[in-house]
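Notes to accompany the following structure.
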There are 2 protein chains.
Amino acid sequence: MSQPKIARIDQSKLRESAYDALHEAFTRGAFAPGETVSLRTLADQLGTSMTPVREAVRRLVAEGALVDTPSRTLEVPPLDADRMRELKSARLALEALLLEEAMDRIDKDVITGLEKIISAPRSETGTPDLKQNYDFHFTLYRQSRSRVILPLVEALWLQYGAFLNLVVREQAAGEIPEHIHHEEIIAALRDNDRKSAQRSLALDIERSFKLLLPES
Amino acid sequence: MSQPKIARIDQSKLRESAYDALHEAFTRGAFAPGETVSLRTLADQLGTSMTPVREAVRRLVAEGALVDTPSRTLEVPPLDADRMRELKSARLALEALLLEEAMDRIDKDVITGLEKIISAPRSETGTPDLKQNYDFHFTLYRQSRSRVILPLVEALWLQYGAFLNLVVREQAAGEIPEHIHHEEIIAALRDNDRKSAQRSLALDIERSFKLLLPES
DNA sequence: TGCGTGTGATCTGTGATATTTTATACCATG
DNA sequence: CATGGTATAAAATATCACAGATCACACGCA
């Protein structure tokens with residue numbers, strides 16, 4: 001708790017900035033399941049007062065990335081196999097819908113953009129590049145122009161992010177060949193092969209839970 | 001705006017109470033699409049200060065029941081066919097998952113409870129009983145013990161609630177025979193017939209969008 | 001007379017801060 | 001060693017100050 005994990009923000013649209021900073025921190029796996037956070041600490045780290053942080057945190061609670069404890073402190077939801085299974089089936093169901101819509105509208109430029117994302121240099125540290133994975137999926141999903149389902153999927157990834165924190169800490173990177181399914185998806189997008197794209201996306205989602213739900 | 005549409009709340013856990021009151025108001029169809037709401041007005045009606053209302057409203061925005069406008073006022077999202085279609089496909093996908101889980105755990109008492117809900121006296125006014133419909137579905141879904149998907153579905157219903165406001169105003173009740181599919185679902189639950197239950201639920205969801213998306 | 005424009009009053013949300021309530025940890029006392 | 005009370009720290013709420021948007025209305029010009 002001593003050294004800040006999240007960047008400072010500047011002084012306009014404070015609530016949004018605070019939310020963005022925390023959102024980014026979650027997708028980066030900066031928070032560990034079970035960890036507790038305090039409004040004052042966050043406010044100090046972000047360089048604002050409590051008010052904007054409180055509203056940002058309220059949104060994160062609504063999205064399931066944080067939970068209120070009976071003692072009125074906030075905590076990152078602890079690791080829980082049932083929740084993880086739900087997360088997986090919800091992601092499979094909703095991201096399939098987004099992919100379907102996205103494939104109605106996607107164009108060459110976006111596909112090129114996706115290729116650029118996955119071909120970007122991997123981080124040398126050997127840890128899986130969570131941001132790269134996030135960018136790949138959401139660049140694709142945003143093509144759906146969805147205003148209902150896309151926010152739900154964002155919320156799911158936010159919950160998933162805390163779990164990834166553990167993966168990052170405990171696993172070597174080489175064991176997660178995430179780019180394989182990403183390449184399959186891109187190929188299917190080029191061929192406009194819906195079945196194949198759906199299959200590869202499902203495999204990619206399954207993959208990302210393998211380390212967390214080994215029994216499946 | 002002169003006469004309050006929402007009940008006052010009592011003085012503990014104000015934020016939760018405020019949220020509950022607003023949530024209830026939405027499922028009751030108390031707010032119309034496009035309507036704007038003000039923090040101060042809501043706070044006055046609820047008998048609290050702005051702070052708890054602000055946090056409750058933040059949650060509703062996160063859930064999509066309210067949106068921030070560029071001019072920083074709050075409004076109930078206007079009617080929009082695309083959003084409605086998304087709402088429908090998301091409901092079909094997620095509520096199927098909840099039903100599946102619920103059928104693993106449901107017992108006789110709950111089924112009896114469901115029968116009691118739909119056999120309760122319809123309101124005499126001739127308007128469709130939104131609360132009864134809500135209670136039927138969520139009594140069922142809560143059996144799933146879901147902590148991830150259930151909140152997502154709550155959010156979907158919250159968005160749907162504003163649209164229902166229009167239905168309530170413009171349509172006679174007799175045209176919506178919602179109890180028919182509910183009875184089919186109960187019968188399927190008794191037989192533990194998953195296929196049939198899923199089919200009836202899907203039909204029920206389709207039905208509830210019929211008036212809003214006539215072309216489908 | 002009719003239409004556009006400007007101006008001010010009155011809304012709005014935002015952010016900060018003071019006050020109250022509640023939980024928890026610690027220490028004294030039995 | 002257990003128990004109870006107190007001190008402390010945190011969150012919850014209320015209140016305040018401020019900036020910006022909207023709306024109505026009056027004024028000036030055609």
Side-chain angles (χ1 to χ4, degrees), chain A residues 1-2 4-23 31 34-78, chain B residues 1-23 25 31-78:
Chain A
M1 281 301 232
S2 51
K5 295 181 230 190
I6 51 184
R8 288 196 152 228
I9 57 183
D10 53 344
Q11 290 293 106
S12 66
K13 290 186 299 181
L14 258 33
R15 181 187 57 222
E16 285 302 312
S17 306
Y19 174 81
D20 290 345
L22 292 171
H23 185 285
F31 294 102
E35 184 176 349
T36 69
V37 299
S38 116
L39 292 181
R40 281 180 170 76
T41 307
L42 291 177
D44 286 348
Q45 292 183 6
L46 294 168
T48 73
S49 84
M50 281 173 59
T51 308
V53 175
R54 211 158 60 205
E55 300 192 17
V57 160
R58 275 306 125 206
R59 177 166 171 191
L60 291 168
V61 171
E63 292 170 335
L66 290 171
V67 295
D68 291 310
T69 67
S71 61
R72 303 201 299 180
T73 60
L74 292 162
E75 78 170 18
V76 183
Chain B
M1 276 307 229
S2 52
Q3 54 189 3
K5 296 182 227 188
I6 51 184
R8 291 198 148 227
I9 57 181
D10 54 343
Q11 291 293 106
S12 66
K13 288 187 298 182
L14 257 34
R15 182 185 58 221
E16 284 301 313
S17 306
Y19 175 80
D20 290 345
L22 292 170
H23 185 284
F31 294 102
E35 185 176 347
T36 68
V37 299
S38 118
L39 293 181
R40 283 180 173 82
T41 306
L42 291 177
D44 286 348
Q45 292 183 6
L46 294 168
T48 73
S49 82
M50 281 173 59
T51 309
V53 175
R54 234 151 85 185
E55 301 194 19
V57 160
R58 275 305 125 206
R59 179 168 169 188
L60 292 168
V61 171
E63 291 170 336
L66 290 171
V67 295
D68 292 309
T69 67
S71 62
R72 302 202 298 180
T73 60
L74 291 162
E75 78 171 18
V76 184

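Basis for what follows: all heavy atoms, side chains included, without hydrogens, waters or symmetry-related copies. Numbered from 1 within each chain, the chains take letters A, B, ... in sequence-line order.
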Mind checking if [X] touches a base, just sugar-phosphate, or nothing, with heavy atoms under 4.0 Å?
X	value
B:Met50	base
A:Leu74	nothing
A:Ser71	sugar-phosphate

[X] side-chain proximity, nearest of [options]:
X	options	result
B:Leu39	C:dG13, C:dA16, D:dA14	C:dG13
B:Arg72	D:dA19, D:dA11, D:dT22	D:dA19
A:Glu55	D:dT15, D:dA11, C:dT14	C:dT14

What are the two closest heavy atoms between [X] and [Y], and how far apart are they?
X	Y	value
A:Pro77	A:Val67	CG-CG1, 4.0 Å
A:Ala18	A:Pro52	CB-O, 4.4 Å
B:Ala25	B:Phe31	CB-CE1, 3.7 Å

* To do: Could you say whether A:Arg40 or B:Arg54 is positioned toward the 5' end of DNA chain C, judged by the nucleotide with the nearest heavy atom to each?
  => B:Arg54
* With a 4.0 Å cut-off, would you call B:Arg59 and B:Glu63 a salt bridge? -> yes
Whole angstrom value for the distance that separates [atom2] of [N] from [atom1] of [X]:
X	N	atom1	atom2	result
B:Glu75	D:dA21	CD	P	16 Å
A:Leu42	D:dA10	CG	C1'	13 Å
A:Leu46	C:dA16	CG	P	12 Å
B:Glu16	C:dT22	CD	P	15 Å
A:Leu14	D:dA19	CG	P	15 Å

* To do: Look at the side chain of A:Thr51 against the base of C:dA16 and say whether a donor-acceptor pair falls under 3.5 Å; ignore hydrogens and angles.
  => yes
* Test B:Arg58 against A:Arg15 for side chain to side chain contact (heavy atoms under 4.5 Å, CB included), laying out the working first. => CA-CA 10 Å; B:Arg58 275 305 125 206; A:Arg15 181 187 57 222; 3.1 Å; yes
* Asked: Within the pair B:Ser49 and D:dC16, is there a side-chain N or O less than 4.0 Å away from OP1 or OP2?
  -> no
* Compare side-chain N and O positions of A:Arg15 against OP1 and OP2 of C:dG15 and report whether any pair is under 4.0 Å apart. => no
